[in-house]
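Report on the structure given below.
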Amino acid sequence: MKTDIAKLLQRKKKQIFENWVAAQLADSNLRDELMSNEELRSQSDELLDVLLKTINNDNLSDVYSQAFEPVREILAGISVFRAKNGYTPTETGLYVFGLKEAFLQAIQGEMKSDLPGMIEVTFRMNKLMDHLAIDTFDTFIKGREEVILRQTDEITEISTPVIRVWDGILALPIIGTLDSSRTQVVMENLLQEIVVSGSTIAILDISGVPAVDSLVAQHLIKTVAATRLMGAECIISGIRPEIAQTVVHLGIDLSSIVTKATLASALRHAFTMLKLEVKRVQREKSI
Amino acid sequence: MDRIPILRMGKFLLVTIQIDLYDRLATNLESDLVNMVNKTGARGVLIDISALSIVDSFMGRILGNIGTMSKIMDAEAVVVGMQPAVAITLIELGLELKGVHTALNVEKGMELLHEKISFDEDTLDEADYENNSE
């Protein structure tokens with residue numbers, strides 16, 4: 001006689017659920033600061049409910065079928081939620097594996113008399129839950145990647161400010177590595193600001209760039225050339241000794257570009273170009 | 001046939017490109033401009049491309065050519081008012097317009113031309129003065 005797994009599990013649902021949640025709550029690594037126990041219970045309940053409704057003897061071995069769509073959706077929701085709230089992958093994996101254990105316990109308890117049947121059912125349940133766990137991992141990683149992408153976007157946005165340091169002088173401190181997409185953003189921001197403010201001098205400060213290789217230098221040269229095409233001069237400042245060394249060792253020719261060691265000297269140079277002078281005011285002696 | 005007007009302003013020639021250039025128009029502009037420089041003896045050429053939003057490698061080359069041609073005919077060429085997108089495109093195409101000067105707008109371009117030409121005349125005057133005093 002073949003046992004109907006779905007019916008068996010449905011019958012033991014209450015016990016499975018209690019076992020599962022109890023195991024989760026008993027775990028010493030429970031993150032109750034991230035999620036309240038009630039929330040955990042309702043989330044688990046929903047998953048189990050939908051899963052048991054879906055399972056029947058025929059579709060047990062095919063997780064990627066249409067029937068399992070709702071289950072996978074809920075799992076995806078849980079896993080994205082966990083990824084965003086700072087759960088570790090292990091915790092998320094163990095969550096699903098915990099359910100598997102509860103299932104297997106129930107099956108063992110029910111089918112003591114039918115040993116070959118039990119082995120078969122256990123095997124199939126194992127496979128099903130493993131697939132679901134792998135699926136969960138996939139979405140978990142996707143969720144994490146989304147977080148990372150969003151952060152990258154934010155970093156690019158905040159890390160390319162264009163500052164008006166003086167009438168007609170712009171400064172652009174670059175912090176972090178310059179890759180081609182970043183250069184594009186920097187260049188666009190700079191050129192736009194040159195048009196808006198009508199500035200004639202732009203200072204590109206690279207003291208926050210950790211390393212300059214030939215590609216980064218190429219990007220810098222491009223930016224300077226584009227600035228020149230717009231009709232503004234570009235000064236590169238913040239050349240650290242290490243940067244000077246690498247640039248020369250790589251044989252990059254920066255001689256066509258005005259380079260200064262510090263932002264201060266670049267500003268001084270800009271003042272000279274604009275025929276401006278900074279003077280200390282002589283205070284008149286009080287009588 | 002469309003032509004781009006070339007205006008004469010004292011020692012300078014003024015070209016304002018108000019429409020998108022097609023290749024024929026650009027080559028015509030190039031030859032017209034060089035002829036004008038020759039005829040008027042202009043010392044400077046100012047090309048305003050602020051209305052130009054699309055540029056290709058051919059246009060970039062024409063602009064570069066105009067600069068170099070004016071240079072060897074003893075006139076300075078200034079391209080003014082380039083759009084950021086145009087500048088980026090030209091750089092990506094590898095055209096740096098080495099021969100031409102650039103300025104942000106017409107006003108600054110005029111200033112630049114005056115500077116260049118008065119600088120030339122100054123050095124010339126000094127040379128004359130030295131010759132005379134000898």
Side-chain angles (χ1 to χ4, degrees), chain A residues 160 162 164 166-170 172 178-202 204 215-236 252-258 270 272-276, chain B residues 15-17 44-57 59-68 76-116 118-119:
Chain A
T160 52
V162 183
R164 295 185 200 189
W166 206 266
D167 249 5
I169 303 175
L170 296 178
L172 209 144
L178 261 185
D179 52 17
S180 16
S181 59
R182 203 70 203 280
T183 318
Q184 195 73 19
V185 176
V186 167
M187 219 197 274
E188 272 167 26
N189 283 352
L190 177 63
L191 299 191
Q192 200 54 52
E193 198 60 30
I194 286 176
V195 172
V196 171
S197 65
S199 304
T200 45
I201 294 171
L204 223 60
L215 206 65
V216 174
Q218 188 65 37
H219 291 319
L220 284 176
I221 292 171
K222 263 188 189 173
T223 313
V224 173
T227 325
R228 203 191 72 85
L229 276 186
M230 297 281 304
E233 291 291 323
C234 199
I235 306 169
I236 294 185
I252 301 161
D253 183 24
L254 288 182
S255 57
S256 53
I257 302 169
V258 183
T272 327
M273 284 165 81
L274 290 180
K275 301 186 183 83
L276 291 172
Chain B
V15 182
T16 317
I17 300 172
V45 177
L46 190 133
I47 306 167
D48 174 30
I49 57 165
S50 53
L52 201 67
S53 54
I54 299 168
V55 78
D56 57 6
S57 55
M59 261 309 300
R61 236 189 64 202
I62 294 280
L63 284 177
N65 284 355
I66 291 177
T68 330
E76 301 282 347
V78 181
V79 172
V80 304
M82 190 181 290
Q83 299 283 334
V86 173
I88 293 175
T89 314
L90 283 180
I91 290 304
E92 293 298 337
L93 290 171
L95 297 161
E96 295 190 12
L97 301 188
K98 282 258 158 66
V100 295
H101 302 287
T102 46
L104 217 53
N105 48 40
V106 178
E107 199 183 337
K108 291 205 167 107
M110 274 297 177
E111 243 169 61
L112 184 73
L113 274 182
H114 275 295
E115 222 171 82
K116 291 268 170 213
S118 63
F119 178 71

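Computation of the quantities below employed the complete heavy-atom set of this structure, encompassing side-chain atoms and omitting hydrogens, waters and symmetry-equivalent molecules. Everything numeric here is computed off the predicted structure, so don't read it as measured data. Here is how names work: the chains are called A, B, and so on, in the same order as the sequence lines, proteins then strands, and each is numbered from 1.
Of all non-hydrogen atoms in B:Ile91 and A:Ala225, the two that sit nearest each other are CD1-CB, 3.3 Å. Between B:Gly109 and B:Val80 the shortest heavy-atom distance is CA-CG1, 3.8 Å.
By the side-chain contact (heavy atoms from CB on, under 4.5 Å) test, A:Ile221 pairs with A:Ile252, A:Leu254, A:Ile257, sequence neighbours left out.
Residue B:Met82 forms a side-chain contact (heavy atoms from CB on, under 4.5 Å) with just one option from B:Leu104, B:Leu97, B:Ile88, and that option is B:Leu97.
Side-chain atoms of A:Leu172 and A:Met187, non-hydrogen and from C-beta on, never get closer than 4.5 Å to each other. The shortest distance between side-chain heavy atoms of A:Leu204 and A:Leu220 falls below 4.5 Å. The shortest side-chain heavy-atom distance between B:Val78 and B:Ile47 does not fall under the 4.5 Å cut-off.
Among the candidates A:Leu191, A:Ile194, A:Leu229, the residue making the largest number of heavy-atom pairs closer than 4.5 Å to chain B is A:Leu229.
B:Leu112 does not touch chain A: none of its heavy atoms, backbone or side chain, sits under 4.5 Å away. Within the 4.5 angstrom heavy-atom criterion, no atom of A:Leu190 approaches chain B. Residue contact with chain A, scored on non-hydrogen atoms closer than 4.5 Å, involves the backbone of B:Val100 exclusively.
The structure places CH2 of A:Trp166 at 10.5 Å from CG of A:Leu274, a figure rounded to the nearest 0.5 Å.
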Taking donor and acceptor roles from the modelled atom types, list the N and O pairs under 3.5 Å across chain A and chain B.
residue  : atom : partner  : partner atom : Å
A:Gly198 : O    : B:Lys108 : NZ           : 2.9
A:Lys222 : NZ   : B:Glu92  : OE1          : 3.2
A:Arg228 : O    : B:Thr102 : OG1          : 2.2
A:Arg228 : NH2  : B:Glu96  : O            : 3.0
A:Arg228 : NH2  : B:Leu97  : O            : 2.8

